[in-house]
Amino acid sequence: MLCYPCAELGTDRPAVALCRSCNAGLCLDHLRATAAHFATSHMLDSCHHDTWTAPERSPHGDLQRRP
């Protein structure tokens with residue numbers, strides 16, 4: 001599994017943990033940043049990873065055109 005924020009930036013870094021809010025894979029650097037965010041925020045606050053945004057193009061677009 002790759003780090004989700006790094007993959008959005010075009011970098012392939014292995015994930016070492018999952019975000020407790022959205023289950024995105026996180027590398028050690030992004031894990032530390034996310035942990036710092038949660039340490040200073042409200043207990044029910046959500047993360048800042050955009051895992052629910054729709055992709056511009058479907059990764060399996062060719063499968064949808066089959067009869």
Side-chain angles (χ1 to χ4, degrees):
M1 178 183 273
L2 297 176
C3 174
Y4 183 79
C6 285
E8 283 188 318
L9 299 172
T11 305
D12 290 346
R13 292 182 71 185
V16 297
L18 298 176
C19 174
R20 73 173 193 192
S21 179
C22 69
N23 292 324
L26 302 171
C27 66
L28 190 56
D29 292 335
H30 284 110
L31 173 61
R32 288 179 178 146
T34 301
H37 168 76
F38 282 125
T40 59
S41 66
H42 186 269
M43 186 173 108
L44 298 177
D45 197 11
S46 63
C47 67
H48 55 274
H49 309 118
D50 293 328
T51 57
W52 287 97
T53 58
E56 292 179 19
R57 185 177 154 249
S58 173
H60 302 291
D62 60 329
L63 296 177
Q64 295 175 353
R65 290 187 221 120
R66 291 184 180 174

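A quick note: this is a predicted structure, and the numbers were derived from the prediction, not measured.
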Item to complete: Sequence neighbours left out, what passes side-chain hydrogen bond (donor to acceptor under 3.5 Å, both in side chains) with N23? Give chain and number order.
Response: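 side-chain hydrogen bond (donor to acceptor under 3.5 Å, both in side chains) list for N23, sorted by chain: empty.
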
Worksheet item: With sequence neighbours left out, what residues match L28 under side chain to side chain contact (heavy atoms under 4.5 Å, CB included)?
Response: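 Side chain to side chain contact (heavy atoms under 4.5 Å, CB included) list for L28, sorted by chain: V16, L31, R32.
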
Worksheet item: Under the side chain to side chain contact (heavy atoms under 4.5 Å, CB included) test, which residues partner S21, sequence neighbours left out?
Response: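 Checked S21 against side chain to side chain contact (heavy atoms under 4.5 Å, CB included); matches are C19, F38, S46, C47.
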
Fill in: Shortest non-hydrogen contact from G25 toward M1
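Looks like CA-SD, 3.8 Å.
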
